[in-house]
Amino acid sequence: MQDNALKTTQHILLKNNLQLILRPARPEDAEPLLAFVEQIAGESENITFGPGEFGMSVEEERAFLRQVAMTPTSLYLIAEIDGEIAGTLTFSTGKRPRIQHAGEFGISILRKYWNLGIGSQLLAYLIAWAGRTTIIRKINLRVRVDNLAAIHLYEKFGFAHEGRISREFHIRGQFIDAYHMGLALDPSSETATAR
Ligand SMILES: CC(C)(COP(=O)(O)OP(=O)(O)OC[C@H]1O[C@@H](n2cnc3c(N)ncnc32)[C@H](O)[C@@H]1OP(=O)(O)O)[C@@H](O)C(=O)NCCC(=O)NCCS
């Protein structure tokens, strides 16, 4: 099977009866994705950039999406509601053989869609897809120590706290620590279940 055939499209009914589509991003998503990124930059201080700080042009974003689509251990997942990008999850591993089994992800949902289960659906997709690649054996993340909703979500899916690093973020003159969290993948498990 071609590796990218593992990046399937899924249709899910959310708690409040909204129809959620999870699908891999395509190069033509570049422009709406940059608009999404700019919106979340203004909605949350739990991500690594603020408004106007993302720093990628539409052409660069398109090239990035092309690259991700061609890489079997990279994922750019879009959560779509009524044609609107409601959230994204991005994941990539190292390129060289000794580090290709491990990667880090980032996840963001538009504020108006928080607490509907979209983050959980994106994570379940990531874990199931990563297992099916049979290459990926470890999923890592970094999260602000005060981001309780995200930490709750990661613990629910079995991510373990692996360490705390100081001064990960520097926002308006304040340093904020981050946890490193990780999930080891059992090669025989394909499905993700929240705890
Ligand atoms: C963190 C984030 C991705 C969660 O997405 P989401 O779609 O709201 O996630 P879900 O609805 O699937 O789950 C949220 C869970 O957190 C819980 N939660 C919400 N606020 C919480 C809080 N203050 N403390 C603890 N748990 C909280 C919810 O009850 C829910 O738990 P449950 O599934 O056991 O009921 C989303 O809030 C977001 O994009 N935030 C801004 C960017 C960000 O923080 N990204 C992560 C960076 S590491």
Side-chain angles (χ1 to χ4, degrees), residues 10-23 25 29 32-56 74-93 102-130 138-172 174-183 191-195:
Q10 296 179 7
H11 296 253
I12 293 150
L13 195 60
L14 289 175
K15 285 174 192 169
N16 59 353
N17 279 341
L18 281 177
Q19 279 284 350
L20 176 72
I21 296 175
L22 300 185
R23 64 169 179 85
D29 293 312
L33 273 173
L34 287 180
F36 167 85
V37 158
E38 196 51 29
Q39 188 169 344
I40 55 162
E43 290 187 346
S44 170
E45 292 203 336
N46 290 324
I47 52 179
T48 54
F49 50 88
E53 294 174 358
F54 188 62
M56 266 170 96
S74 294
L75 180 67
Y76 199 131
L77 188 59
I78 289 181
E80 203 173 77
I81 293 177
D82 280 337
E84 180 184 30
I85 298 174
T88 60
L89 182 150
T90 57
F91 173 90
S92 61
T93 65
E104 188 167 322
F105 77 89
I107 182 170
S108 292
I109 317 289
L110 290 184
R111 184 177 274 269
K112 65 178 175 179
Y113 293 120
W114 286 2
N115 294 317
L116 295 176
I118 300 174
S120 299
Q121 294 293 346
L122 285 167
L123 263 186
Y125 183 115
L126 168 68
I127 296 166
W129 163 80
K138 180 78 194 299
I139 301 176
N140 295 315
L141 67 93
R142 279 172 285 177
V143 59
R144 276 175 62 145
V145 293
D146 57 357
N147 190 350
L148 301 182
I151 293 167
H152 169 85
L153 187 62
Y154 305 143
E155 287 173 343
K156 192 173 80 165
F157 279 88
F159 283 79
H161 289 256
E162 299 193 338
R164 177 175 178 140
I165 45 171
S166 63
R167 296 192 170 197
E168 174 78 351
F169 287 81
H170 191 211
I171 302 177
R172 288 192 302 279
Q174 251 210 317
F175 292 110
I176 303 138
D177 294 359
Y179 292 125
H180 276 207
M181 297 181 75
L183 181 72
T191 48
T193 42
R195 286 190 171 163

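For ligands, and for the atoms within them, numbers begin at 1 and follow the listed sequence.
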Would the Tyr154 and Phe105 ring centres measure less than 6.0 Å apart? yes
Notebook entry, point to check: How about Leu20 and His11: do any of their side-chain heavy atoms sit closer than 4.5 Å?
Noted result: no
Residues passing the side-chain hydrogen bond (donor to acceptor under 3.5 Å, both in side chains) test with Tyr76, sequence neighbours excluded, are none
Lining ligand 1 at under 4.0 Å, by non-hydrogen atom distance, are residues Ser44, Asn46, Ile47, Ile107, Ser108, Ile109, Trp114, Asn115, Leu116, Gly117, Ile118, Gly119, Ser120, Arg142, Val143, Asn147, Leu148, Ala149, Ala150, His152, Leu153, Tyr154, Lys156
- Query: Do the side chains of Glu168 and Asp177 get nearer than 4.5 Å, heavy atoms only?
  - Reply: no
Donor-acceptor pairs are to be reported for all side-chain atoms of residues 77-91 against protein atoms at under 3.5 Å, with residues two or more places apart or in another chain.
from	atom 1	to	atom 2	distance (Å)
Glu80	OE2	Arg23	NE	3.1
Glu80	OE2	Arg23	NH2	2.9
Glu84	OE1	Lys112	NZ	3.1
Glu84	OE1	Tyr113	OH	2.8
Glu84	OE2	Lys112	NZ	3.1

Sequence neighbours excluded, the answer for side-chain contact (heavy atoms from CB on, under 4.5 Å) partners of Ser120 is Leu153, Lys156, Phe157
